[in-house]
Amino acid sequence: MLRARVIGSVWSSKRLPEIPNGAFLEVEVAPGNRLIAFDVLGTGIGELVLVSTGSVAAGWFTGQSPPIDALIIGSIDEPNTND
Amino acid sequence: MLRARVIGSVWSSKRLPEIPNGAFLEVEVAPGNRLIAFDVLGTGIGELVLVSTGSVAAGWFTGQSPPIDALIIGSIDEPNTND
Amino acid sequence: MLRARVIGSVWSSKRLPEIPNGAFLEVEVAPGNRLIAFDVLGTGIGELVLVSTGSVAAGWFTGQSPPIDALIIGSIDEPNTND
Amino acid sequence: MLRARVIGSVWSSKRLPEIPNGAFLEVEVAPGNRLIAFDVLGTGIGELVLVSTGSVAAGWFTGQSPPIDALIIGSIDEPNTND
Amino acid sequence: MLRARVIGSVWSSKRLPEIPNGAFLEVEVAPGNRLIAFDVLGTGIGELVLVSTGSVAAGWFTGQSPPIDALIIGSIDEPNTND
């Protein structure tokens with residue numbers, strides 16, 4: 001998995017109908033290394049996440065696998081710097 | 001998914017017969033980082049798109065999966081800079 | 001496979017329910033080239049390991065494949081520098 | 001798909017018996033970025049080609065998939081510079 | 001496929017039980033670009049080889065696919081520099 005920070009979201013009105021419900025979030029793995037990951041967890045901007053890529057992302061969905069090649073599988077726990 | 005800009009198209013007359021109807025579009029992910037993605041959405045030159053790569057691209061097609069490893073799954077909405 | 005050194009672990013409380021029992025370990029393949037691999041072998045920090053990536057990682061699990069794209073498949077034997 | 005130029009071929013006498021008939025061609029994606037792609041189209045040295053990589057390459061073959069992870073799926077039409 | 005030179009081998013005593021008989025060989029694709037490939041051909045140190053990566057490596061094995069993501073599929077014939 002990749003450890004990445006969510007830095008934004010993108011919208012796609014014209015798209016393949018097989019794309020499921022969820023959000024396209026832009027994540028940054030390292031400075032200048034970004035990709036778009038699909039999110040079904042309600043992840044917010046700024047969260048640190050784990051991203052699985054490739055066919056295992058599509059395979060997570062039930063039924064016919066959608067053409068999704070990157071999926072946020074969890075948020076990484078971070079120490080609360082306000083404590 | 002990769003966020004990429006469509007910068008051209010390529011034609012292939014001599015090719016495997018299993019390649020489906022659609023267009024081969026050249027997209028640029030970052031300066032100098034280009035690939036050829038298959039398009040079934042009628043995407044035009046200059047559009048910003050989402051590209052899925054690997055076996056999930058081939059898996060989108062019905063029936064026998066074609067040897068396609070990159071598929072444009074949608075266009076990214078962009079603010080209309082003319083407004 | 002990648003040869004990598006385990007350098008830490010991450011926790012994810014908010015995550016997809018399909019993630020199996022095991023640990024998320026951060027491994028370093030080369031300076032600055034890190035990924036998160038799933039571990040079911042009880043691997044410790046500092047161990048040198050073999051990591052398989054992609055769908056073969058998910059395919060190792062029995063039953064429905066989880067959305068895991070990197071798996072530690074073994075520890076690399078190292079000469080005991082204390083001898 | 002990758003856009004690449006065929007720059008040579010390689011022979012392998014000692015190899016797995018599951019490798020099908022065809023040629024191993026060396027292709028260059030960018031200066032210094034080369035891979036070996038399998039060819040069933042009779043592609044010649046110097047041709048510009050489309051290469052699919054990963055499991056979709058193996059999946060093109062009928063019957064049991066061979067351990068082939070890069071396949072030339074077509075030649076890119078080039079303007080005839082002699083006209 | 002990758003063209004790579006075998007530069008060493010690694011041993012793993014603590015490993016997943018699903019790993020089949022064979023050797024883990026370290027191969028170098030380019031200076032500084034190394035990976036561990038599984039070998040069932042009895043390949044020796046110094047040989048130039050073809051390596052297939054990803055799920056096609058695991059798919060070569062009969063029965064349940066092992067968590068192997070890189071397989072030496074053949075040795076590349078080299079001119080005998082002693083002739």
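Naming convention: chains lettered A, B, ... in sequence-line order (proteins, then strands); numbering from 1 in each chain.
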Which answer fits [X], side chain, backbone, both or neither, if we ask what part of it has an atom under 4.5 Å from a heavy atom of chain C?
| X | result |
| --- | --- |
| A70(E) | both |
| L35(E) | both |
| F38(E) | both |

Measure [X] against the heavy atoms of chain E and call it side chain, backbone, both or neither at under 4.5 Å.
| X | answer |
| --- | --- |
| I72(C) | backbone |
| T53(C) | both |
| V51(C) | backbone |

Of the listed A30(C), G74(C), S52(C), the one with the largest count of heavy-atom pairs under 4.5 Å with chain E is S52(C)
Minimum-distance pair of heavy atoms, taken over all atoms of G54(E) and V56(C):
O-CG1, 4.1 Å
Tightest non-hydrogen contact, residues D69(E) and M1(C), listed as OD1-N, 2.7 Å
Just verifying a value: how many Å separate I73(C) CD1 and E18(E) CD, rounded to the nearest 0.5 Å?
10.0 Å
Quick check for you: to the nearest 0.5 Å, what is the distance between I36(E) atom CD1 and L2(C) atom CG?
8.5 Å
Checking the side chain of S55(E) only, and the main-chain atoms of S55(C) only, is there a donor and an acceptor separated by less than 3.5 Å?
no
So does I76(C) get a backbone contact from the side chain of S12(E), meaning a donor-acceptor N/O pair under 3.5 Å?
no
Between L71(C) and L16(E), is any pair of side-chain heavy atoms under 4.5 Å apart?
yes
When you compare the side chain of V10(E) with that of R3(C), does any pair of heavy atoms fall below 4.5 Å?
yes
Comparing A58(E), P67(E), G32(E) against chain C, the one with the most heavy-atom pairs below 4.5 Å turns out to be P67(E)
